[in-house]
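In this text the structure is predicted, and so the values were computed from the model without any measurement. Excluded from the calculations below are hydrogen atoms, water molecules and symmetry mates; all remaining heavy atoms, backbone and side chain alike, are included.
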Amino acid sequence: MEWPACTDEYEKLLIRMSTPRVVIDNAVCSTATLVKVISTRRHGSLLDAIQVLIDLNLVIKKAYISSDGKWFMDVFHVTHQNGSKLIEESVLKYIEQSLGSIHNVRTSCTNGLTTLELSGTDRIGLLSEVFAVLADLQCDVVEAKVWTHNGRIASLIYVKDCNSGTTIEDSQKIKKIEVRLRNVLKGDNDIRSAKTSISMSVMHSERRLHQMMFADRDYERTPILKLTSDNTVVTVQNWAERGYSVVNVQCKDRIKLLFDVVCNLTDMEYVVFHATINTNSNQAYLEFYIRHKDGTPISSEPERQRVIQCLKASVERRASEGVQLELCTKDRKGLLAEVMRTFRENGLNVTRAEISTVDNMATNVFYVTDVIGNPADPKIIESVRQKIGSNNLEVKELPLIYHQKAESEDQAVGIGGAVLWSIGNLVRRNLYSLGLIKSCS
């Protein structure tokens, strides 16, 4: 490392001490790549490290977090989504360089795009109205992320001017966009909670969505549509002797789960001192030892309940039982408005969306249900595909309930088969608990 001429030895020492040390090891574990980060303890540094990994769409199978004095040691067991280890030199180098500079202040640049932040009460057809307004106002949607939870919606939409292809800087046009979108979000009965804002830059988009939902207090609202059964278990207990609050989260495993939970702990001003994360088959088990930034544990029952509510919400916001549809086609003016209108006219509700445009090609992912939150009728899905273009719109993933239904039909071939299947499962569980067989994971 080359130092500027004006840097003295003391400054060099401070830089070396505060720069995280990163070690990537492919030899220790046969099933995952180990990524170790040793750094000074700083609020948010754990989240920054996890963010580097999830931005590469890597899977964190296990993690161990430990602090000693003013130092942190984070160990992550990571793989690609197909389960393979990380062997590409470019990926390994990027991880090492990015984790080695996580103490530097970083902001996400929108590359000349105008950022729209929208939040309010969700309703059927809302996104159709939003994108119709943007098309009418000559706004080209380049990227967007939309989350819905407990009857609330939060969205980040990155746009540029359709005519010039550049950032929207006209103050009158910006004001017009804000007013019209706010009127759409208000609807007939949501005057106070509808919020719109416009800026030229934004922080990490998914962290910002968590913050928007948290500020909107989605965690304490009653859902209009109940999309999933409540299978997330969160417990919070105090370990008085050590001065920690111990948080346990057990839920269905999925990509970016650890990021979602740590993001909310960080934004609630808690520091994670120790943690253990394990995934087993389709389940995730997360344990955190936390304190407030001032070093105190959770001090009251209302606070404990609030942490439980907030962490459940952090898990549920990204989860979706809807049918996953992927639209891949050449981008054109008004494309999103047309697609959303087709969804609405056919009784499909969009619960989550990720929209991106690269090299004039639109790649958009939508999660859809029927109007009351139940799985959409396959016949309606097929009808929508024909209207939009069956070669352009594909069904990428079915919700869990479809798989459960198929399994129940397979098991209905005979009582004897079902009994044998149950006995086999019981035997396997007993053998695993006795240590006589290993888990498939």
Side-chain angles (χ1 to χ4, degrees), residues 42-57 98 102 104-122 126-127 130-131 134 139 141-160 167-168 174 177-178 181-182 185 193-221 254-270 310-320 336 350-357 364-365 367:
R42 177 183 60 84
H43 184 61
S45 60
L46 173 60
L47 178 60
D48 288 341
I50 296 171
Q51 183 176 303
V52 169
L53 300 176
I54 67 106
D55 281 348
L56 292 171
N57 288 318
S98 299
I102 57 176
N104 298 331
V105 177
R106 294 173 298 147
T107 58
S108 298
C109 178
T110 57
N111 296 322
L113 302 177
T114 303
T115 305
L116 312 180
E117 293 188 359
L118 313 177
S119 62
T121 299
D122 188 28
L126 174 59
L127 287 177
V130 167
F131 289 117
L134 292 175
C139 296
V141 177
V142 180
E143 293 183 30
K145 286 183 182 292
V146 181
W147 288 358
T148 63
H149 180 244
N150 279 359
R152 311 302 296 172
I153 185 170
S155 177
L156 289 172
I157 305 176
Y158 304 94
V159 300
K160 61 184 179 182
T167 304
I168 301 172
I174 288 175
I177 293 171
E178 283 187 299
L181 287 178
R182 191 176 298 115
L185 287 167
S193 62
K195 297 178 182 178
T196 64
S197 65
I198 298 180
S199 66
M200 300 304 159
S201 62
V202 71
M203 67 181 338
H204 189 268
S205 58
E206 294 177 346
R207 183 173 184 186
R208 182 60 188 147
L209 286 171
H210 275 301
Q211 291 177 338
M212 292 167 65
M213 283 286 194
F214 180 73
D216 197 40
R217 304 176 75 89
D218 68 314
Y219 53 86
E220 62 183 18
R221 297 179 185 267
R254 59 168 173 76
I255 191 170
K256 301 185 180 181
L257 174 63
L258 180 58
F259 170 83
D260 293 337
V261 175
V262 173
C263 184
N264 279 262
L265 287 172
T266 302
D267 288 336
M268 287 189 290
E269 302 290 308
Y270 294 108
C310 289
L311 292 185
K312 280 188 176 182
S314 73
V315 172
E316 294 169 356
R317 286 171 193 147
R318 199 194 297 267
S320 175
L336 277 171
V350 178
T351 61
R352 189 157 60 92
E354 295 186 7
I355 294 158
S356 62
T357 307
N364 306 331
V365 178
Y367 294 81

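- Among all heavy-atom pairs drawn from Y158 and S205, the shortest one is OH-CB, 3.5 Å.
- Relative orientation of the H204 and F259 rings is tilted, given thresholds of 30° and 60° on the angle between their planes.
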L209 vs R318, side-chain contact (heavy atoms from CB on, under 4.5 Å): CA-CA, chis, key distance, verdict | CA-CA 10 Å; L209 286 171; R318 199 194 297 267; over 6 Å; no

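- At least one side-chain heavy atom of L265 sits under 4.5 Å from a side-chain heavy atom of L311.
- With rounding to the nearest 0.5 Å, the separation of CG in D260 from CD1 in I255 is 10.5 Å.
- Checking side-chain atoms of T266 against main-chain N and O of G44 turns up no donor-acceptor pair under 3.5 Å.
- Among residues two or more places apart in sequence or in another chain, the side chain to side chain contact (heavy atoms under 4.5 Å, CB included) test is passed with T196 by L118, E178, L181, R182, L185.
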L127 and I153: CA distance, side-chain angles, deciding distance, side-chain contact (heavy atoms from CB on, under 4.5 Å) verdict | CA-CA 10 Å; L127 287 177; I153 185 170; 4.0 Å; yes

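- The two residues M213 and W147 make their nearest non-hydrogen contact at CE-O, 3.4 Å.
- Residues satisfying the salt bridge (charged side-chain N to carboxylate O under 4.0 Å, His left out) criterion with D216, sequence neighbours excluded, are R152, R221.
- The minimum heavy-atom distance between S155 and V146, with the atom names listed, is OG-CG2, 3.4 Å.
- Note: I198 CD1 to T115 OG1 = 9.5 Å, rounded to the nearest 0.5 Å.
- In this structure the side chain of K256 never reaches within 4.5 angstrom of the side chain of I50, judged on heavy atoms.
- Side-chain atoms of T114 come within 3.5 Å of backbone N or O of I168 as a donor-acceptor pair.
- Ion pairing between a basic and an acidic side chain is recognised when a charged N comes within 4.0 Å of a carboxylate O; E143 and K145 show no such pairing.
- Shown here for C139 and I177, the closest heavy-atom pair between the two residues is SG-CD1, 3.6 Å.
- A 4.5 Å side-chain heavy-atom check between N264 and H210 finds at least one atom pair inside the cut-off.
- A distance-only check finds a donor-acceptor pair linking the side chain of T148 to the backbone of T351 [under 3.5 Å].
- By the 4.5 Å heavy-atom criterion applied to side chains, L116 and L134 are counted as neighbours.
- Of the possible polar contacts, one joining the R254 side chain to the V315 backbone as a donor-acceptor pair under 3.5 Å is found.
- Side-chain N or O atoms of D218 include none that pairs as donor or acceptor with a backbone N or O of N150 at under 3.5 Å.
- In this structure, A313 and Y219 approach most closely via the heavy-atom pair CB-CB, 3.7 Å.
- To the nearest 0.5 Å, atom CZ of residue R317 and atom CD of residue E206 are 12.5 Å apart.
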